[in-house]
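Here is the naming used below: chain letters follow the sequence lines, and residue numbers restart at 1 for every chain. What you see is a predicted model, and the numbers here were worked out from it, not measured in a lab.
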Number of protein chains: 2
Amino acid sequence: MSNSSPATIEDVARIAEVSIATVSRAIHTPEKVAKSTRLKVDQAIAITGYTTNAMARSLRLGRSNMILVVAPDIGDPNFSNILIGLENEARAHGYGVLIGHTQNEPQRGLEYLKFLNSNQAAGLILFTGILPFGHRAMTARLPPCVGVFEPVFNGGIPYVGVDDAAGARKAVDLLIAEGHRKIAFIGDSRTKLAHNRRRAGYDAGLDAAGIPAAGRIVMEGDGTIESGRLALEQLFMRDDLPSAFMCVNDQTALGVMIGLKARGYDIPGDFSVTGFDDIPQASFMTPSLTTIRQPRTAIGKRAMALLLEMLSDGTSAETETEILLRPDLVVRNSVAAPSRQWAAR
Amino acid sequence: MSNSSPATIEDVARIAEVSIATVSRAIHTPEKVAKSTRLKVDQAIAITGYTTNAMARSLRLGRSNMILVVAPDIGDPNFSNILIGLENEARAHGYGVLIGHTQNEPQRGLEYLKFLNSNQAAGLILFTGILPFGHRAMTARLPPCVGVFEPVFNGGIPYVGVDDAAGARKAVDLLIAEGHRKIAFIGDSRTKLAHNRRRAGYDAGLDAAGIPAAGRIVMEGDGTIESGRLALEQLFMRDDLPSAFMCVNDQTALGVMIGLKARGYDIPGDFSVTGFDDIPQASFMTPSLTTIRQPRTAIGKRAMALLLEMLSDGTSAETETEILLRPDLVVRNSVAAPSRQWAAR
DNA sequence: ATGAAAGCGCTAACAG
DNA sequence: CTGTTAGCGCTTTCAT
């Protein structure tokens, strides 16, 4: 053990007194090798501590057994649980997962493109909303690829995520059932597909409740805590306040709640707030946040399953597949009936 | 552009009407190639969109230009900022970063060990506390390796992090200056080296203040939110309450604050709380958390710089180097003088 | 300044 | 059932 350089297939062959081809077979197609030979090889492997040089193997095969997960922001509170789903599914099928972090810089994306071009990864999972290396057409020969968590904007890439519209609808419906009529939506429905769909759920809910478009407040917000606080400030400045804030995600909701508390308001006494995602912090905020839960691990699992299926089928990534999982409403303490000031109007 | 399979060095050679050796030289040692030739090669590269097959290159060279960052828990709120430091420094030196996630399972570590054995990574950054693949001696031929954020328990591996003892000392000193005499420490000082050092800072501070060991309360807690809440409950059960909680990290502090609020206490009116790390949420908690800031990006940068230095020096990873960065006290709203009930005693 | 050729470690025909 | 052999795409002597 503990030699200067790792054992190669040749070392194993020498010790087992067989050819390197036989070693390779003993490993990958043991049924094609005599039991006695297999035994000798196994022993030699144990002695040398041999592990296949994945690089040489991949070079030879023209493909690897690694899946690259590209994420623009690894700090996203949704990421880690989705990743666990991805990893476990991959592992169950003999694949490993590597994570690439682009920090939202396209330059960084190119780095991973090179990685892919070298067949260092067999497939690609895209964690948010965009192809990190320019438009699809430009990059041509991408391996099979699946988008997760947020539909991929610029390329017909299969997608696994939550049913955003249905989820948002559950949130509005709750608010409406509590008696709210003036409900603000905060999110970036122009750039982000997921936000857009949540917005659609919001509109559908208000339509169904017979609330005219004129009575709706829609604020821009890119989904950060800051964006929530900002949107709130603008609303106060305009003096056009809703009784409830339906935020496109939990971070935005947190921003809104911070702003509201800073102004001395009580939640849900004075204003109701809902989020979307059910990030881990959601249950620790004060008040705890009523929100829509994403089945994150399940999403990861399904996305990886789809990718692996494409890999074995040789299916092109051009499919317009979308797998939408059911979002659940999580009722906590940030929603109540509108305050009297609203009932009066 | 957009061919069925990526261009190889041979494609480039053919178009440039030179040998593949020349192409390789034109790329890596342009000064050894006639200017005219270099031009032809550059053009051919542009035409074909050629990028070096990193796998073939690494196989030939016996080393890659990727650094593997292994993290047991990617959801750690400290991780993403350290990662950014690591990545930026790596990139500045022509290296890429790949992240491996072990979910705390040793089995998963082995996967990445294989990756390393195949020379798919030139170096290794360990993100928390342990060698994820059993004891050092067992695994023999690891590439250069640097621990970050938490000292590596089981192997003389160089380490870059914050000065835990000094940081903890700043926290106790603040508490003592505010008038606290009975200060509880919550953390896992037996298993986790970082916790252990913070504990040392706590003890040193109390020693300096002349508070006898008998007057100290030390609770076990592994650093999760839950552990904070749990430790608090135990204290209430014992009816042995401090006036201030010095938590080993911000998550623990959050757990303590949640528990305290659930019991109807006011922070910092009834109890003071301090954390350690200054995770992003720290400023959003209510009250905002007084804590010790880790210079995360700087830590990442230094760690990567050290690793790259080892890589070029060929230095062994056996060095006992420790680079300790200065932690800063961040005063927010979770600390005040002890309540009257304490002054009375 | 350039080309020919060896070989990194491995797998998959193809023979035997 | 097993061995021989040809590369995967690249870098690097060694000649020229």
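- For residues 36-68 of chain A, there are no ring pair (Phe, Tyr, Trp, His ring centres under 6.0 Å) pairs, not counting sequence neighbours.
- Rounded to an integer number of Å, the gap from CG of Asn117(A) to C1' of dC8(D) is 16 Å.
- Within the structure, every side-chain polar atom (N or O) of Ser24(A) is placed at least 4.0 Å from both OP1 and OP2 of dC10(C).
- Residues of residues 12-21 of chain A that place a heavy atom closer than 4.0 Å to DNA chain D, in numerical order, are Val18(A), Ser19(A), Ala21(A).
- To the nearest angstrom, C1' of dA13(C) lies 10 Å from CZ of Arg25(A).
- Atom CD of Gln120(A) and atom C1' of dG9(D) are 12 Å apart (whole Å).
- Applying the salt bridge (Lys or Arg N to Asp or Glu O under 4.0 Å) test to Lys301(B) and every residue at least two apart in sequence or in another chain returns Glu89(B).
- Near DNA chain D, meaning a heavy atom under 4.0 Å from it, residues 34-43 of chain A has Ala34(A), Thr37(A) in order of number.
- Every residue meeting the salt bridge (Lys or Arg N to Asp or Glu O under 4.0 Å) condition with Asp11(A), not counting sequence neighbours, appears here in chain and number order: Arg14(A).
- Scored by the side chain to side chain contact (heavy atoms under 4.5 Å, CB included) test, Glu322(B) finds Tyr159(B), Arg197(B), Leu324(B) as partners (sequence neighbours excluded).
- For the side chain to side chain contact (heavy atoms under 4.5 Å, CB included) test, residues two or more places apart in sequence or in another chain that qualify with Leu61(A) are Arg57(A), Arg63(A).
- In this structure, CZ of Arg63(B) is placed 13 Å from C1' of dC10(D), rounded to the nearest angstrom.
- Atom NZ in Lys114(B) sits roughly 11 Å away from atom P in dC10(C) (whole-Å rounding).
- Applying the salt bridge (Lys or Arg N to Asp or Glu O under 4.0 Å) test to Arg108(B) and every residue at least two apart in sequence or in another chain returns Glu87(A), Glu111(B).
- Take Thr51(A) and apply the side chain to side chain donor-acceptor pair (under 3.5 Å) test, not counting sequence neighbours, and it matches no residue.
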Side-chain atoms of residues 78-85 of chain A: list all donor-acceptor pairs with protein atoms under 3.5 Å, sequence neighbours left out, distances to 0.1 Å.
{"residue": "Asn78(A)", "atom": "OD1", "partner": "Arg296(A)", "partner atom": "NH1", "Å": "2.7"}
{"residue": "Asn78(A)", "atom": "ND2", "partner": "Asp76(A)", "partner atom": "OD1", "Å": "3.1"}
{"residue": "Asn78(A)", "atom": "ND2", "partner": "Asp277(A)", "partner atom": "OD2", "Å": "3.1"}

Protein and nucleotides 7-9 of chain C: nitrogen or oxygen contacts under 3.5 angstrom:
{"residue": "dG7(C)", "atom": "N2", "partner": "Arg60(B)", "partner atom": "NE", "Å": "3.4"}
{"residue": "dG7(C)", "atom": "N2", "partner": "Arg60(B)", "partner atom": "NH1", "Å": "3.2"}
{"residue": "dC8(C)", "atom": "O2", "partner": "Arg60(B)", "partner atom": "N", "Å": "3.3"}
{"residue": "dG9(C)", "atom": "N2", "partner": "Ala56(A)", "partner atom": "O", "Å": "3.2"}

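- Checked by atom type and distance alone, the side chain of Ser118(A) pairs as donor or acceptor with a backbone atom of Lys114(A) at under 3.5 Å.
- Residues passing the salt bridge (Lys or Arg N to Asp or Glu O under 4.0 Å) test with Glu17(B): none are found, sequence neighbours excluded.
- The residues Glu105(B) and Arg91(A) are annotated as salt-bridged, a charged nitrogen and a carboxylate oxygen being separated by less than 4.0 angstrom.
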